[in-house]
Amino acid sequence: MTDRSAPTTLVLVQELANTLDVETGEDSLADPDGVAEFAERHGLRDLGLEETGDAGLRAIRELRESLRAACLAHTGTDIPQEEAARLARLLAAAPLVVTLDEAGRARLVPAEGLSGVAALTAEIAAGIATAEADGSWRRLKACEAHDCLWVFYDRSPAGRGRWCTMAVCGSRAKMRTYRAKRRA
């Protein structure tokens, strides 16, 4: 099986988007404990959900779904206007700054003093900006199967992958197309 994990700059995006299994409905961000576990696994500062409560949980899930919509757009669909506006709002609240290392190399990093959802969003935004610059952002895709939508990294030579796995989702899609043509 082909490795579908994203490069380091996009792992956080991929793993956040995949905290909801669309097929089973299992959501590992359903409560603050799940978010805390996610944050710890990724070495993120405390996301401060005890202060923001349900609003913070809702914002993290909104970020997840907006990122999934952006990844689905990489398969050739458009991001729904509502999702694009939501993602723009979340990104606007998560400023980045440019830093230089001792060799003079520039790097985007979250601005000082961010916490909660803004801190998570800024980490993700920095990864996306880096991935856009190196050409890998467009290869992070959501499976076209609407009962799946799993986010995967397309390592195919042409970068035209549409399903998380050809053996399951791709096969189902091709079978549906075949049956529809036979009925017509």
Side-chain angles (χ1 to χ4, degrees), residues 1-44 47 49 56-94 96 108 110 116-132 134-156 159-166 168-170 173:
M1 178 179 229
T2 306
D3 178 20
R4 298 299 205 151
S5 58
T8 306
T9 54
L10 294 172
V11 166
L12 187 57
V13 177
Q14 182 181 33
E15 292 190 6
L16 177 63
N18 288 337
T19 57
L20 173 66
D21 186 327
V22 172
E23 190 171 21
T24 66
E26 186 179 329
D27 184 353
S28 63
L29 301 181
D31 57 49
D33 290 340
V35 175
E37 184 180 308
F38 177 83
E40 185 177 321
R41 191 170 57 248
H42 292 284
L44 299 169
L47 294 178
L49 289 181
L57 278 172
R58 216 172 14 261
I60 288 174
R61 290 191 296 256
E62 285 178 353
L63 176 61
R64 173 185 65 201
E65 296 312 312
S66 296
L67 289 168
R68 186 191 319 271
C71 291
L72 186 58
H74 295 162
T75 64
T77 62
D78 289 334
I79 299 175
Q81 197 168 13
E82 177 184 308
E83 291 296 342
R86 183 177 296 148
L87 188 54
R89 177 180 48 80
L90 289 163
L91 290 169
L96 299 174
L108 278 174
V117 179
L120 172 62
T121 304
E123 288 289 338
I124 285 171
I128 290 172
T130 301
E132 179 67 28
D134 71 20
S136 60
W137 168 236
R138 293 210 125 325
R139 285 184 173 258
L140 190 64
K141 300 177 179 183
C143 182
E144 266 190 13
H146 293 290
D147 58 346
C148 179
L149 299 174
W150 197 253
V151 173
F152 66 96
Y153 190 76
D154 181 4
R155 294 187 183 277
S156 67
R160 293 187 187 154
R162 296 170 42 198
W163 301 289
C164 61
T165 173
M166 194 58 211
V168 179
C169 292

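On a predicted model such as this, the values are computed, not experimentally measured, just so you know. The basis for the numbers below is simple: all heavy atoms, side chains too, and nothing from hydrogens, waters or symmetry mates.
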Is the shortest heavy-atom distance from the side chain of [X] to the side chain of [Y] under 4.5 Å?
| X | Y | value |
| --- | --- | --- |
| Pro32 | Leu57 | yes |
| Leu10 | Ser136 | yes |
| Arg86 | Ser66 | yes |
| Arg68 | Val22 | yes |
| Arg89 | Glu62 | yes |
| Tyr153 | Lys141 | no |
| Thr121 | Leu91 | yes |

Worksheet, complete the sentence: Tested for side-chain contact (heavy atoms from CB on, under 4.5 Å) against Leu63, the lone hit among Leu87, Leu29, Val13 is Leu87
What distance separates [X] [atom1] from [Y] [atom2], expressed to the nearest 0.5 Å?
| X | Y | atom1 | atom2 | answer |
| --- | --- | --- | --- | --- |
| Leu16 | Glu65 | CG | CD | 9.0 Å |
| Ile60 | Phe38 | CD1 | CZ | 8.5 Å |
| Gln14 | Ile124 | CD | CD1 | 12.0 Å |
| Leu140 | Cys71 | CG | SG | 4.0 Å |
| Ser28 | Asp33 | OG | CG | 12.0 Å |
| Ile128 | Trp137 | CD1 | CH2 | 4.0 Å |

Does [Y] offer a backbone N or O that forms a donor-acceptor pair with the side chain of [X] under 3.5 Å?
| X | Y | value |
| --- | --- | --- |
| Asn18 | Val151 | yes |
| Arg138 | His74 | no |
| Arg4 | Phe152 | no |

Worksheet item: Does Arg41 pair with Glu37 as a salt bridge, N-O distance under 4.0 Å?
Response: yes
Discussion item. So that I can tick it off, tell me whether Asp27 and Arg64 are bridged by a salt bridge, with the cut-off set at under 4.0 angstrom between side-chain N and carboxylate O.
Written reply: yes
Heavy-atom closest contact ([X] atom, [Y] atom, distance):
| X | Y | answer |
| --- | --- | --- |
| Leu96 | Ala122 | CD2-O, 3.3 Å |
| Asp154 | Ser156 | OD1-OG, 2.7 Å |
| Ile79 | Ala73 | CG1-CB, 3.5 Å |
| Ala6 | Arg155 | C-NH2, 4.2 Å |
| Ala93 | Ala118 | O-CB, 3.3 Å |
| Ala131 | Thr9 | CB-OG1, 3.9 Å |

